[in-house]
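A quick write-up on the structure given underneath.
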Amino acid sequence: MFTQTTLPALQNIQAALGKAGLGKKVKTTVPLNADVYQTDSGLPSGGDFRPDIRDLVLKIIKFIQDNGGILTINIYPFLSLQADPNFPKEFAFFNNKANPVVDGPIVYTNVYDANFDTLISALEKNGFGQMPVVIGEVGWPTDCDPNANIDNARRFNQGLLDRIIRGQGTPKRRAPPDVYIFSLIDEDNKSVEPGNFERHWGIFNYDGSIKYPLDLGKGKALTQAKGVKYLARQWCVLSPSAGVSDPNALAQSIGQACQYADCTSIGPGSSCSNLDPQRNASYAFNMYYQTMDQRKDACSFNNLSMVTTVDPSQPPCRFEIMIDIGKHELSVSNKVPAAGFGSLLLVSLMLVLGLANGVH
């Protein structure tokens with residue numbers, strides 16, 4: 001849908017930088033998803049850009065190259081697994097037991113390498129063999145899909161970090177690229193058109209607490225946010241005395257709550273899919289209540305709800321309490337905890353539409 005606007009936007013941003021005297025210091029790029037290239041042979045060496053957008057992609061790449069920029073590509077092994085029921089699951093991870101893909105003299109043991117080198121083959125075929133490439137997004141979600149869970153996310157991201165720490169590239173590009181892990185925290189307003197998992201890519205929870213540990217090398221580890229204050233320990237739940245003789249009224253109330261709050265975790269295959277219908281309603285009510293910062297009128301669903309101080313969480317399903325945004329303790333430290341890899345690792349919350357963060 002952006003074929004008519006992407007290149008002009010890139011040109012406009014570069015022109016604006018030039019007029020500001022920053023054209024030689026700040027470069028533009030546009031994050032592209034890995035579906036802009038393909039391979040008809042099924043092997044990385046057969047990589048080329050999709051015929052329907054090939055001319056446009058090459059114009060974008062040439063413009064970036066002419067201005068000393070970098071090509072940014074988003075690679076998602078999880079999406080390869082999620083989209084194809086026949087995809088070999090182990091091949092989505094590093095250090096796996098999957099059958100390798102043999103491409104002439106090169107052996108590929110994971111889809112990350114194979115995908116990246118498919119792009120490199122496409123660049124080589126079209127005269128851009130030396131084009132610098134950055135991984136703009138790569139990661140693994142933790143909820144709302146059978147393969148989206150803490151264990152898989154930790155396995156994938158730790159494997160990725162281990163490669164970065166070792167300075168390991170791919171068979172066609174031995175020097176590792178800069179990598180941006182997607183994402184820093186979950187995004188409760190993100191579009192779920194591709195799937196409910198889209199709101200659960202974070203390595204941190206919404207409050208800056210750590211979802212799972214990661215070894216960053218040289219004795220470094222993730223550090224959770226400090227000084228976070230929460231609202232009162234209270235939750236909005238379905239009242240035990242609520243009359244549910246009218247299921248339409250209950251369904252309407254749940255729908256109203258989920259229209260303005262994130263209820264993806266109660267979907268099939270999600271962390272809260274084990275709840276009974278009453279707790280499902282409570283989860284929806286509470287998410288709305290917390291999203292509205294525990295406003296008094298936010299726990300009023302046709303006399304079906306009530307506020308309780310008894311935690312209704314049922315592991316692995318967690319009923320959240322919202323951050324008190326008026327009581328944050330701001331850190332005075334300017335240190336960047338994840339820096340110092342041989343290949344630069346930046347844990348970054350990237351925007352969905354790329355163009356919004358096209359200035360790199």
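The figures that follow rest on heavy atoms only: side chains count, while hydrogens, waters and symmetry mates do not. Treat the numbers as computed from the prediction; the structure is a model and nothing was measured.
- Residues Gln294 and Gln290 have side chains that bring a donor and an acceptor to within less than 3.5 angstrom of each other.
- In this structure, Asn205 contributes its side chain and Asp207 its backbone to no donor-acceptor pair below 3.5 Å.
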- After noting the C-alpha distance and the side-chain angles of Arg50 and Asp35, does the key distance pass the side-chain contact (heavy atoms from CB on, under 4.5 Å) rule? CA-CA 8 Å; Arg50 267 179 29 210; Asp35 61 358; 4.1 Å; yes

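- Between Pro44 and Ser121, the closest heavy-atom pair is O-OG, 2.9 Å.
- Within the 4.5 Å cutoff, the side chain of Ile323 has no heavy atoms near those of the Leu231 side chain.
- In this structure, Arg279 contributes its side chain and Pro312 its backbone to a donor-acceptor pair below 3.5 Å.
- Considering all non-hydrogen atoms of both residues, Ser270 and Ser273 come closest at O-OG, 2.8 Å.
- Across all non-hydrogen atoms, the minimal contact from Pro77 to Ala92 is CB-O, 3.7 Å.
- Looking at Asp113 and Arg163, a side-chain N of the basic residue comes within less than 4.0 Å of a carboxylate O on the acidic one, giving a salt bridge.
- For the residue pair Gln14 / Thr28, a side-chain donor-acceptor distance below 3.5 Å is found, with atom types taken as modelled.
- Side-chain N/O atoms of Tyr76 and Asn115 include no donor and acceptor closer than 3.5 Å.
- Under the 3.5 Å distance criterion, with hydrogens and angles disregarded, no donor-acceptor pair is assigned to the side chains of Tyr180 and Glu137.
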- Task: Would you sort out whether Ile73 and Ile135 count as a side-chain contact (heavy atoms from CB on, under 4.5 Å), showing the intermediate values?
- Result: CA-CA 5 Å; Ile73 202 74; Ile135 304 296; 3.9 Å; yes

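- Within the 4.5 Å cutoff, no side-chain heavy atoms of Phe319 are placed close to those of Met287.
- Using a 3.5 Å distance cut-off with no hydrogens or angles, the side chains of Gln158 and Asp162 do pair a donor with an acceptor.
- There is no path of hydrophobic side-chain contacts, each under 4.5 Å, that joins Ile254 to Val192.
- For the pairing with Phe78, the ring-ring contact (aromatic ring centres under 6.0 Å, His included) check across Phe182, Phe156, Trp201 returns one residue only, Trp201.
- We find the CG-CG distance between Asn33 and Leu79 to be 8.0 Å, quoted to the nearest 0.5 Å.
- Expressed to the nearest 0.5 Å, how far CD1 of Ile60 lies from CG of Leu7 amounts to 5.5 Å.
- Using a 4.5 Å cut-off on side-chain heavy atoms (C-beta onward), Met322 and Met292 make no contact.
- Between Arg199 and Asp262 there is a salt bridge, since a side-chain N of the basic residue sits under 4.0 Å from a carboxylate O of the acidic one.
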- Query: So Lys59 and Asp55, salt bridge (Lys or Arg N to Asp or Glu O under 4.0 Å) or not? Walk me through it.
  - Reply: CA-CA 6 Å; Lys59 287 179 181 178; Asp55 291 345; over 6 Å; no

- Message: Could you go through Val30 and Thr72, starting from their C-alpha distance and side-chain angles, then the distance that decides it, and tell me whether this counts as side-chain contact (heavy atoms from CB on, under 4.5 Å)?
- Response: CA-CA 6 Å; Val30 90; Thr72 306; over 6 Å; no

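- Side-chain contact of Asp103 with Tyr108: a donor-acceptor pair under 3.5 Å is absent, judged by distance alone.
- Side chain of Lys220 to backbone of Asp215: no donor-acceptor contact under 3.5 angstrom is found.
- Taken together through direct or relayed side-chain contacts under 4.5 Å among Ile, Leu, Val, Met, Phe, Trp and Tyr, Val237 and Leu275 form part of one hydrophobic cluster.
- A donor and an acceptor atom, one from each side chain of Asn95 and Arg155, are nowhere located under 3.5 Å apart.
- Around the CG atom of Asn99, the shell of radius 6.0 Å holds no more than 12 heavy atoms that belong to other residues, nucleotides or ligands.
- Within the 3.5 Å criterion, the main-chain N or O of Thr308 finds no donor-acceptor partner in the side chain of Gln234.
- Distance alone, capped at 3.5 Å, places no donor-acceptor pair between the Asn67 side chain and the Gly69 backbone.
- A salt bridge links Lys190 with Glu198: the closest approach of a Lys/Arg side-chain nitrogen to an acidic carboxylate oxygen falls below 4.0 angstrom.
- With respect to the salt-bridge test (charged N to carboxylate O, under 4.0 angstrom), the residues Asp293 and Arg295 do not qualify.
- Both Ile203 and Ile210 are assigned to one and the same hydrophobic cluster, defined by single-linkage of ILVMFWY side chains at heavy-atom distances under 4.5 Å.
- When all heavy atoms of Gly46 and Ser41 are compared, the pair lying nearest together is CA-OG, 3.7 Å.
- Residues Phe301 and Val307 fall into different hydrophobic clusters, defined by Ile, Leu, Val, Met, Phe, Trp and Tyr side chains chained together at heavy-atom separations under 4.5 Å.
- Residue Gln252 places its CD atom among 12 or fewer non-hydrogen atoms of other residues, nucleotides or ligands, all under 6.0 Å distant.
- The side chain to side chain donor-acceptor pair (under 3.5 Å) test with Tyr212 is passed by exactly one of Asp151, Asn157, Asn149, Thr142: Asn157.
- With values rounded to the nearest 0.5 angstrom, Tyr288 atom OH is found 10.0 Å from Cys236 atom SG.
- By the 4.5 Å heavy-atom criterion applied to side chains, Asn152 and Phe93 are counted as neighbours.
- When hydrophobic clusters are built by joining Ile, Leu, Val, Met, Phe, Trp and Tyr residues whose side-chain heavy atoms come closer than 4.5 Å, directly or via intermediates, Tyr230 is not grouped with Tyr289.
- Looking at Thr170, its side chain does come within 3.5 Å of a backbone N or O of Arg173 through a donor-acceptor pair.
- Looking at Val57, Leu56, Leu58 one by one, the single match for side-chain contact (heavy atoms from CB on, under 4.5 Å) with Arg54 turns out to be Leu58.
- Although no hydrogens or angles enter the test, the distance criterion places a donor-acceptor pair under 3.5 Å between the side chain of Trp140 and the main chain of Asn147.
- A donor-acceptor pair is defined here as one N or O able to donate and one able to accept, closer than 3.5 Å; such a pair exists between the side chain of Asp117 and the backbone of Lys172.
- Residues Val111 and Ser80 approach most closely at CG2-OG, 4.4 Å, considering heavy atoms.
- Side-chain contact between Ile185 and Lys211 is absent, with no heavy-atom pair separated by less than 4.5 Å.
- To the nearest 0.5 Å, the span separating CZ on Arg318 from CG on Asn286 amounts to 11.5 Å.
- The OG atom of Ser265 sits 8.0 Å away from atom CD of Glu320, with the distance rounded to the nearest 0.5 Å.
- Side chains of Phe116 and Pro177 form a contact here, defined as non-hydrogen atoms less than 4.5 Å apart.
- Taking each heavy atom of Thr109 and Asn96 in turn, the nearest pair found is O-ND2, 2.8 Å.
- Panel note: side chain Lys27, backbone Ile64; no donor-acceptor pair is recorded below 3.5 Å.
- A 4.5 Å side-chain heavy-atom check between Gln82 and Asp145 finds at least one atom pair inside the cut-off.
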- Message: Run Ser253 and Phe285 through side-chain contact (heavy atoms from CB on, under 4.5 Å) and show every step you take.
- Response: CA-CA 8 Å; Ser253 295; Phe285 291 169; 3.8 Å; yes

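- By the 4.5 Å heavy-atom criterion applied to side chains, Leu119 and Phe49 are counted as neighbours.
- Here the straight-line distance linking atom OG1 of Thr264 with atom NE2 of His200 works out to 2.5 Å at 0.5 Å rounding.
- At least one donor-acceptor pair under 3.5 Å links the side chain of Thr118 to the backbone N or O of Ala114.
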